[in-house]
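Remarks on the structure that follows.
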There are 2 protein chains.
Amino acid sequence: MQLSGLIARLGRHLDLTDAEREAILHAERGERRLRAGDVLVAEGGESHALYVVRQGWLHSSTKLVTGGRQILRFHYAGDLIGTSSMAWSQAAATLTAISDCIVIDLPKTELGLLFRAQPRIAGLLYAIAAAENVAMSDRLTTIGRMGASERLSTLLLDIMARLRVTAGGIVDSFDLPLTQTDIGDALGLTKVHVNRTIRALEKAGVIERNGRRVRIVDEAALVEATGFTDRYGEIETGWLPPAV
Amino acid sequence: MQLSGLIARLGRHLDLTDAEREAILHAERGERRLRAGDVLVAEGGESHALYVVRQGWLHSSTKLVTGGRQILRFHYAGDLIGTSSMAWSQAAATLTAISDCIVIDLPKTELGLLFRAQPRIAGLLYAIAAAENVAMSDRLTTIGRMGASERLSTLLLDIMARLRVTAGGIVDSFDLPLTQTDIGDALGLTKVHVNRTIRALEKAGVIERNGRRVRIVDEAALVEATGFTDRYGEIETGWLPPAV
DNA sequence: CGCCGAGTTGAAGCCTTTCAACGCTGGTGG
DNA sequence: CCACCAGCGTTGAAAGGCTTCAACTCGGCG
């Protein structure tokens, strides 16, 4: 179980066979520990591996010619990150640890072998990539067509939905390890306006804050305002070929 | 060659073996012809197949609770679309034909079998999915952090880069089958502001228009202003397992 | 011939940004 | 041990970019 990031993740969607577990363990390399703020991969840098998040939060981001930054996505335990190196040997985004993290290496040549040995795993990884794509689409829609408070609300709902996957029980509050600058870079807003928007939501009584802790007071109102849909549930696996 | 959408696309990245071609042909089902404006798949509708674009342009879009629309992506000949149905049986986006189109069905159970029979194809499809993800990230960055004229410039550069893949020679002008409303929905702008922005670029002398025809006069200036990078080039295939 | 969608333009208003300043906290070095 | 500094959060005021509302033109289609 020491190097089982991928097994844990895929096991959420499928009952893995022993052979599949074995093959995954064989593909995974040693783990890497990161401190909050550390950069795992830099945009434009060489990259020949994916990483599986075992513990902690990270984000991927890109820099603009104008000096700005866009945070593309937040990554949590179980996520497969750095996938752009499957298509190119240069990383398309920077991966930065938000909290202290542990990630596991998954060299892409090993992944190639895993694809051959375990086609069911290959199919599931493809389905997960498709789901990632939909998650990106959701974000695009939010940023492209919604105002500041809807963007912020969507982010909070999304984080909470994601935390519920692993946390099991009912979650209505969580620690947010992001600065308001981070939130702004994720939502396409300035930190100043993020601050005003947060305080407006607070004043409206739909959220509460206590330090880093955020509590969602009126989840229904947030969902109603944003049209948020939780995509972290099941992934359909019926079409996958049988396990080897 | 009649049903070879996928072969043509994958052949851009790999030399396919006969067995691989055969397996792909076996997975593809009959073609479907669409008229401009036709909806191939509706958001929320059942979907058990992908589609390969053989001819024409389409776009995928989502509707907002507030009544707006976000166009997520434009699709061209060779693209694999409707991939959200790999993860769920309900489509996450609407697929609409922009011009008259021909698409080929690729049932997901067939794709599952293809994954098992031809692991190299599976790996390549995964790499393509990863590249799609990066393309979405680029769009997110553009919309999240750039002004109207940069967004529009990026769209034009992106379309041109994509057309160059299939058109071979030097392309500096193309027919744009999009309304200004479409462009606005793709860029997160109103059609009114799209219009003003187009005319400003025209007045600045970086583009020219003649009906639907758009000519990029000063490509370097557009690239400079936007930091655009063409991702339509090679996909790295060195990590793929050998062909069967 | 008339209507509708697409493109165009002007004016006003709003949301978000920009600029600026200040309090607070945690970490660092003297 | 404590002073200082840097980053973060917060707030106000002014500016700006984009939207909204409205009106008018043009071309294609019934």
Side-chain angles (χ1 to χ4, degrees), chain A residues 35-38 59 64 66-71 96 98-100 142-156 175-204 207-214 225-226, chain B residues 35-37 59 64 66-71 96 98-99 142-156 175-204 207-214 225-226:
Chain A
R35 308 271 294 275
D38 285 357
H59 66 64
L64 305 210
T66 49
R69 178 180 68 150
Q70 175 72 45
I71 293 183
T96 311
I98 297 172
S99 62
D100 291 351
T142 303
I143 291 180
R145 288 278 165 216
M146 288 181 179
S149 76
E150 290 82 13
R151 295 190 207 179
L152 181 58
S153 303
T154 303
L155 177 64
L156 295 176
D175 284 314
L176 195 59
L178 306 171
T179 67
Q180 293 180 356
T181 302
D182 290 336
I183 296 173
D185 285 344
L187 300 180
L189 298 168
T190 59
K191 61 183 180 176
V192 174
H193 201 61
V194 167
N195 182 275
R196 290 195 236 271
T197 308
I198 290 178
R199 317 214 92 230
L201 287 181
E202 239 179 332
K203 205 162 289 172
I207 67 169
E208 283 173 12
R209 286 188 309 159
N210 205 326
R212 322 234 78 169
R213 193 100 193 147
V214 178
T226 57
Chain B
R35 307 273 293 276
H59 66 65
L64 305 209
T66 49
R69 177 180 69 150
Q70 175 71 45
I71 293 182
T96 309
I98 296 171
S99 62
T142 303
I143 291 181
R145 291 271 124 169
M146 287 182 179
S149 75
E150 290 82 13
R151 294 190 208 180
L152 182 58
S153 304
T154 304
L155 177 63
L156 295 176
D175 284 314
L176 195 59
L178 306 171
T179 67
Q180 294 182 356
T181 302
D182 290 337
I183 296 173
D185 285 344
L187 300 180
L189 299 167
T190 59
K191 59 183 180 175
V192 174
H193 202 62
V194 167
N195 183 274
R196 290 195 235 271
T197 309
I198 289 178
R199 316 216 92 231
L201 287 182
E202 240 179 331
K203 205 162 292 174
I207 67 169
E208 283 173 11
R209 286 187 309 158
N210 204 325
R212 322 233 78 171
R213 194 97 193 150
V214 178
T226 57

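Note that the structure is a prediction, hence the values are computed from the model and not measured. Every chain is numbered from 1 and lettered A, B, ... according to where its sequence line falls, protein lines coming before strand lines.
- Under the salt bridge (Lys or Arg N to Asp or Glu O under 4.0 Å) criterion, the residue pairs touching residues 195-204 of chain A are E202(A)-R209(A), with sequence neighbours excluded.
- Residues passing the side chain to side chain donor-acceptor pair (under 3.5 Å) test with R213(A), sequence neighbours excluded: S173(A), D175(A).
- Between R145(A) and dT19(D), a side-chain N or O to OP1/OP2 separation shorter than 4.0 Å is absent.
- Among the heavy atoms of the strands lying under 4.0 Å from R209(B) are primed sugar atoms or P, OP1, OP2 only; no base atom is included.
- Summary for the helix from dC1(C)-dG30(D) to dG30(C)-dC1(D): the axes at its two ends, each from 5 pairs, differ by 30° when rounded to the nearest 10 degrees.
- By the side chain to side chain donor-acceptor pair (under 3.5 Å) test, E150(B) pairs with no residue at all, sequence neighbours left out.
- Of all heavy-atom pairs between D100(A) and A36(A), the closest is OD1-N, 2.8 Å.
- Counting 5' to 3', DNA chain C first comes under 4.0 angstrom of a heavy atom of chain A and last does so at the ends given by dT16(C) to dC19(C).
- Evaluation of the side chain to side chain contact (heavy atoms under 4.5 Å, CB included) rule for S153(A) yields L201(A), L222(A), T226(A) as partners, not counting sequence neighbours.
- Distance check: I198(A) CD1 to L176(A) CG gives 7.5 Å after rounding to the nearest 0.5 Å.
- Side-chain atoms of I71(B) and L178(B), non-hydrogen and from C-beta on, never get closer than 4.5 Å to each other.
- Here S99(B) pairs with W57(B), C101(B) under the side chain to side chain contact (heavy atoms under 4.5 Å, CB included) rule; sequence neighbours left out.
- The stretch residues 190-203 of chain B comes close to DNA chain D through T190(B), V192(B), H193(B), R196(B), each having a heavy atom under 4.0 Å from the strand.
- To the nearest 0.5 angstrom, I207(B) atom CD1 is 6.5 Å from L152(B) atom CG.
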Please table the atom pairs, donor to acceptor, closer than 3.5 Å between any side-chain atom in residues 184-193 of chain A and protein atoms at least two apart or in another chain.
unit_1, atom_1, unit_2, atom_2, d
D185(A), OD1, R145(B), NH1, 3.1
D185(A), OD2, R69(A), NE, 2.7
D185(A), OD2, R69(A), NH2, 2.9
T190(A), OG1, H193(A), N, 3.3

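- Near DNA chain D, defined here as any heavy-atom distance below 4.0 Å, the residues from residues 175-188 of chain A are T179(A), Q180(A), listed numerically.
- Listed by chain and residue number, D182(A) satisfy the side chain to side chain donor-acceptor pair (under 3.5 Å) test with T179(A) (two or more places apart in sequence, or in another chain).
- Between G37(A) and T96(A) the shortest heavy-atom distance is O-CG2, 3.8 Å.
- To the nearest angstrom, P of dG17(D) lies 11 Å from CD of E150(B).
- Q180(A) CD to N195(A) CG: the interatomic distance, rounded to the nearest 0.5 Å, is 4.5 Å.
- Of the inter-residue distances, the one linking T142(A) atom OG1 with L155(A) atom CG reads 9.5 Å to the nearest 0.5 angstrom.
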Exercise for the section: Encode nucleotides 24-30 of chain D as B, S and - characters from 5' to 3', where the letter depends on protein heavy atoms closer than 4.0 Å: B to the base, S only to sugar-phosphate, - to neither. Expected result: -------

